[in-house]
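Everything below concerns the one structure shown next.
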Amino acid sequence: MSTAPAAGGDELGQAFQVDLRGVVDLLARHLYSGPRVYVRELLQNAVDAVTARRAHEPGAPGRVRLRPLDGGGLEVTDTGVGLTPDDARELLATVGRSSKRDLDLGVGRTEFLGQFGIGLLSAFMVAERIELESRSATDPDAPGVRWVGHPDGTYDLTVLPRDPSDPVGSTVRLHPRRDMEHWTAAETVAALATEYGALLPLDVAVEVPLGNGETAWRRVTEHELPWRATYADDAARSAALVRYAERTLGFTPLAHLDLDVPLTGLTGVAYVLPAAVPPGGGSTHRVHLKRMLLGERVDTLLPGWAFYVRCVVDADGLRPTASREALYDDEALLVTRDALAAQVRAWTLATLQAGGRLAQEFVRTHHLALRSLALVDDEVLDIAAQVLPFETTDGTRTLAEVRDAVGTVVHTTSVEEFRRVAPVARAQGLLVVNAGYVYDGDLLARLTGRRGWDVRALRTQDVAQVLGTLEPERELELIDVVPAATAAVRDLDCEVVVRRFEPDDLPAVMLDDREDQHRREVERTVQEADDLWGGVLAGFSGTPAAARRLVLNDANPTVRHLLAGAHRPEVFAAGLRSMYVTALLLAGEPLRARDAQTMTTSMSVLLQAGLGATDPDEEDAR
């Protein structure tokens, strides 16, 4: 409902055409992240009003002043286009409506929260009452207008006499709710205005107390975007950008690179993090739209592999979501993301190819990120093979160094497998790469079959062939002992083999045979399948051996004592089963319940044999 205003300052109470309580609840609880965004919305309204005035007056001043009021409250004044009484009725009587006149007033932004009325009503999250006084810059003869909004869903619209000396523009006064005074305090307003509006191309200032009853205006905006400002030389520019990162992001970057996507009007800087971050955690970025802060942790600007950089950017051609705290996922964002990814990738390749201290520090800090990128990029994969560190049985090596040293890159598929074979392989000069860490197995799989690379997983035969064989006389001595040893651990799906190898203080090593495990899986499938498929699969199964091989070191004194005790079957079996569990522990494998029970039972037998005791209950009875 709207009626013509009375002349001479008469007030007419009119009702909103929306349920104000419902709108405010929607804004506060379901759309905005919190009350703090009210400063952003008031600033955005002021920026749009100044932009609209400059469309008519290119040299019009662009000032926004935020002044906390005595006793609480906040006053925001701008030198924008202002409102006539008709403008006020159209914009404030029906929240969210857009018309051609909105474009003339600078409030016709297409995104939902860009509407002037919604932006103003967001202040009800902290205010009990909102006052707006405005005078139009486009109609010098139009009277001024005062609008007062109340939380009960009503407003008052008053026409003010026009004085030629009255400045044009708008002033918004907020009277805070009893529990929200802290949101309009001077330091809070200054902090929020700096956070959201530091890069605005206007003169934005907040009045802050100096003490002794005095105040001063604190400017919160910078004249230029830090990455587009003019500096004395490259060193001065680099130092300024580092200081900006320290001030806004809270860290000193390892390096930085310029970003530019003309298609969407994006410019900015990507900062390389000084410390490693977990893979898959995603990267977040500080994003401005038309120099107004959208958010400090926007996570859709770069692909997942680029989690080693944080960006600060400003864009004209990207759309915000309804909350104006994230980017709308559309074709413009997709194009921008691809362009930024290409620029980060190009810097990464150039840095690694150039070598030097920065490249070494980057690899040392962000090797996981480089591994992640190498999984999706062949060119990066080739460089990664030259520079990435891998754990091997001959210390830390790159894959290229391993290839140059032995020709074939042999690798384990798990950390446990590497720990199991590393002592023996190291002593025998067998170079094995540990590919059990995140990304490493997939990275080596991508290298398999590429020109100039021979890459394969470690096989049992690789270790077995470097283990020393026994003298014929010793083999004859153990001709009956070895089958007995295998029988003692057969229920553990294990076979016993005796060899001589270094180091001699290692009693045993556990080897997994993946081919035999595969055959055993086929055998189980054959037993569970019907006659038709069972017959087909039977041709692939063969005769499976034990899944594991416990290789006893005949050079170890403990092992030789154990093998000499085969004439005492119970003690012999207990010793072998203890050796089995010891080999699992040395390999870094977690003990299963069955393995723990095996160790407990074996220890009991060995203690009884060593101490000459019988059952403890029988001893107590004596």
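- Using a 4.5 Å heavy-atom threshold, the side chains of Thr84 and Val145 count as separate.
- Ion pair Arg173/Glu133 flagged as a salt bridge, since at least one NZ, NE, NH1 or NH2 atom sits closer than 4.0 Å to an Asp/Glu carboxylate oxygen.
- To the nearest 0.5 Å, atom CG of residue Leu254 and atom CG of residue Leu358 are 5.5 Å apart.
- Here the side chains of Leu368 and Tyr437 are not in contact, with every heavy-atom distance at 4.5 Å or above.
- Under a 4.0 Å N-O distance rule, the pair Arg53/Glu57 qualifies as a salt bridge.
- With respect to Val309, the side chain to side chain contact (heavy atoms under 4.5 Å, CB included) criterion is satisfied by exactly one of Leu259, Leu273, Leu302: Leu302.
- Residues Leu174 and Ala127 come closest through the heavy atom pair CB-CB, 4.2 Å.
- Counting heavy atoms from C-beta outward, Leu318 and Leu294 have side chains that stay 4.5 Å or more apart.
- Taking the side chain as every heavy atom from C-beta outward, Asp299 and Arg297 never approach each other to under 4.5 Å.
- Using a 4.5 Å heavy-atom threshold, the side chains of Pro226 and Leu199 count as touching.
- Ion pair Glu128/Arg177 not flagged as a salt bridge, since none of the NZ, NE, NH1 or NH2 atoms sits closer than 4.0 Å to an Asp/Glu carboxylate oxygen.
- Inter-residue side-chain proximity for Asp78 and Ser170 is flagged as met; some heavy-atom pair is nearer than 4.5 Å.
- Listed by first and then second residue, the ring pair (Phe, Tyr, Trp, His ring centres under 6.0 Å) pairs involving residues 62-81 amount to none (not counting sequence neighbours).
- The neighbour count for Arg291 CZ, taken as heavy atoms of other residues, nucleotides or ligands under 6.0 Å away, is above 12.
- Taking a 6.0 Å sphere around CG of Asp234, one finds it holds 12 or fewer heavy atoms contributed by other residues, nucleotides or ligands.
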Exercise for review: Before giving the answer on salt bridge (Lys or Arg N to Asp or Glu O under 4.0 Å), spell out for Glu187 and Arg218 the whole-Å C-alpha distance, their side-chain angles and the decisive distance to 0.1 Å.
Suggested key: CA-CA 11 Å; Glu187 288 303 319; Arg218 180 193 299 173; 3.5 Å; yes
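- Counting heavy atoms from C-beta outward, His366 and Phe307 have side chains that stay 4.5 Å or more apart.
- Between the side chains of Glu41 and Asn45, no donor N or O sits under 3.5 Å from an acceptor N or O.
- Asp203 has its side chain out of reach of Trp217: every pair of non-hydrogen atoms, C-beta onward, lies at least 4.5 Å apart.
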